[in-house]
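Quick notes on the structure that follows.
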Amino acid sequence: MKAVVIRTFGAPEGLEVVDIPAPVPGPGQVLVAVEAVGVGGVDAVIRRGALAEYGFREGHLLGSEVAGTVTAVGEGVDASWTGRRVWAFTGLSGGYAEQAVARVEDVLALPDGLSGTDAVTLGGSGIVAHFALRQAHFAPGETVLVRGAAGSIGITAVQLAARGGAGAVAVTTSSGERGVRLRELGATHILDRSGRSDAPDAPTGFDVVIDVVGGPGLPEVLDALRANGRHVLVGVVGGQPPEDFGAGLMRNFRKSVSFATFSSDTVPGPDRQAVRAQQFAEAARGELRTVVHDVLPLDRAADAHRAMDAGEVFGRVVLTP
């Protein structure tokens, strides 16, 4: 089967299309004939080699979420899964391929009316947005900043905060055009990438920050927290924060601000699947919007990564074998 691996860490040109044997489902696994692959920010981070210290090596087969049809099941799996259209989490490897395996507990049947493209746009990112807001103890009436709102996590977080009764939903973005689109999704204030705006009604402080970016600008965001404000970091697409970013917490000691990281790995599997099923149903009914930037063939994975590196993606890029 055709798959995409990291030949060399670094630029997107280091991705290579290869022909490898199709996987075989082991005990507790299913085999999925892939129709859509979600391209996530973590894929780009792994490709650059930034996570090599965690065991990722050159030759790694990228991809963590796919949608398609179950074609075979492993030992101990109910045979009724065969033939069903599903979303599947493949871990942090195995998704950029024509066929993929996943643990049955990481597989969810797709509702009628939800495409595979929409499923991989929402499946992984939607639960991060949901549980990050819960981690932040978000309450109605609070002012929320979504930092890095143009990606699929940010787009969902904007919608969920607005639906949850936020007093204001501010977003950072790189262009006025993106700001218009984010307003259509529920944003009330558009800030530049540094978190500033010339608008007279722009928030000057935030109760909750959902941060996909991280990077060198994180300390300034901590300074913008209101008393009892909560900052939740869910990604580092802008790079690692400065090693001394914690000094910002100490500067704001008397404001009782807090900082937390969040990974959906810490949420019990059944809870993740329950929220994901609810979000899939809402998306199928048009109540929760997915934004697909582009759909590309699998052998153009490098083009998808170039677009991400250039900051051109609004929503999610999806690959199709």
Side-chain angles (χ1 to χ4, degrees), residues 38 40-43 45 64-65 67 87-92 102-103 105-108 110-111 114 118-166 169-172 182 185-187 206-214 218 221-222 225 228-237 241 257-284 287-291 315-316:
V42 68
D43 298 342
V45 175
S64 61
E65 61 180 311
W87 173 92
F89 174 67
T90 62
L92 290 175
R103 302 184 308 168
E105 57 263 39
D106 293 328
V107 172
L108 189 65
L110 295 183
L114 187 69
D118 286 336
V120 297
T121 300
L122 180 62
S125 60
I127 61 164
V128 173
H130 172 92
F131 287 106
L133 285 165
R134 179 179 293 185
Q135 178 97 346
H137 301 286
F138 162 66
E142 292 190 314
T143 296
V144 178
L145 171 65
V146 180
R147 187 165 179 250
S152 52
I153 293 173
I155 285 170
T156 307
V158 166
Q159 294 180 76
L160 296 181
R163 289 193 337 186
V169 182
V171 296
T172 62
L182 288 163
L185 294 164
F206 307 99
D207 301 300
V208 169
V209 176
I210 304 299
D211 189 350
V212 188
V213 178
L218 189 146
V221 182
L222 290 175
L225 288 172
N228 299 305
R230 292 88 68 199
H231 185 294
V232 178
L233 183 69
V234 300
V236 288
V237 297
V257 299
S258 62
F259 171 85
T261 58
F262 173 74
S263 166
S264 61
D265 290 344
T266 60
V267 179
D271 293 347
R272 292 198 303 266
Q273 291 291 62
V275 170
R276 186 175 287 121
Q278 177 184 337
Q279 291 182 341
F280 280 174
E282 291 173 346
E287 298 168 5
L288 188 62
R289 290 178 58 184
T290 61
V291 178
R316 173 151 289 192

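Worth saying up front: this structure is predicted, and the values here are computed from it rather than measured. Both backbone and side-chain heavy atoms feed into the values below; hydrogens, waters and symmetry mates do not.
- Between Glu65 and Arg316 a salt bridge is recorded (basic side-chain N to carboxylate O distance below 4.0 Å).
- Looking at residues two or more places apart in sequence or on another chain, you find a salt bridge (charged side-chain N to carboxylate O under 4.0 Å, His left out) between Arg103 and Glu105, Asp106.
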Using a 3.5 Å cut-off and no angle test, enumerate the donor-acceptor pairs between side-chain atoms of residues 119-126 and protein atoms at least two apart in sequence or in another chain.
unit_1	atom_1	unit_2	atom_2	d
Thr121	OG1	Thr117	O	2.8
Ser125	OG	Thr121	O	2.9

Trace of the side chain to side chain contact (heavy atoms under 4.5 Å, CB included) decision for Leu145 with Val221: CA-CA 9 Å; Leu145 171 65; Val221 182; 4.2 Å; yes
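- Of all non-hydrogen atoms in Arg230 and His137, the two that sit nearest each other are NH2-O, 3.0 Å.
- The two residues Val107 and Ala88 make their nearest non-hydrogen contact at CG2-CB, 4.0 Å.
- Between Val212 and Arg147, the closest side-chain pair of non-hydrogen atoms is not below 4.5 Å.
- If you take CD1 on Ile153 and CD1 on Ile210, they are separated by 10.5 Å, rounding to the nearest 0.5 Å.
- Taking the side-chain contact (heavy atoms from CB on, under 4.5 Å) definition, one finds that Gln159 meets it with Ile155, Leu185, Leu288, Arg289, sequence neighbours left out.
- Residues Val208 and Val232 form no side-chain contact, since every pair of their non-hydrogen atoms from C-beta on lies 4.5 Å or further apart.
- With sequence neighbours excluded, no residue forms a salt bridge (charged side-chain N to carboxylate O under 4.0 Å, His left out) with Asp118.
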Show your working on side chain to side chain contact (heavy atoms under 4.5 Å, CB included) between Leu225 and Val209 and close with a plain yes or no. CA-CA 8 Å; Leu225 288 172; Val209 176; 3.7 Å; yes
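- The minimum heavy-atom distance linking Ala161 with Leu133 is given by the pair N-CD1, 4.0 Å.
- By the 4.5 Å heavy-atom criterion applied to side chains, Asp211 and Leu218 are counted as neighbours.
- Expressed to the nearest 0.5 Å, how far CG of Leu160 lies from CZ of Phe131 amounts to 11.0 Å.
- Within the 3.5 Å criterion, the main-chain N or O of Phe206 finds no donor-acceptor partner in the side chain of Thr143.
- Gln279 and Arg276 form no side-chain donor-acceptor contact under 3.5 Å, judged by distance and modelled atom types alone.
- Residues Val158 and Gly186 share a closest heavy-atom pair of CG1-C, 3.9 Å.
- The salt bridge (charged side-chain N to carboxylate O under 4.0 Å, His left out) check on Arg163 picks up Glu282, with sequence neighbours excluded.
- Atoms CD and OG, from Gln135 and Ser263 in turn, are 10.0 Å apart once rounded to the nearest 0.5 Å.
- Nearest heavy-atom pair across Ala149 and Leu182 is O-CD2, 3.6 Å.
- Residues Gln273 and Leu108 share a closest heavy-atom pair of NE2-CB, 4.0 Å.
- Taking the ring-ring contact (aromatic ring centres under 6.0 Å, His included) definition, one finds that Phe259 meets it with His231, Phe245, sequence neighbours left out.
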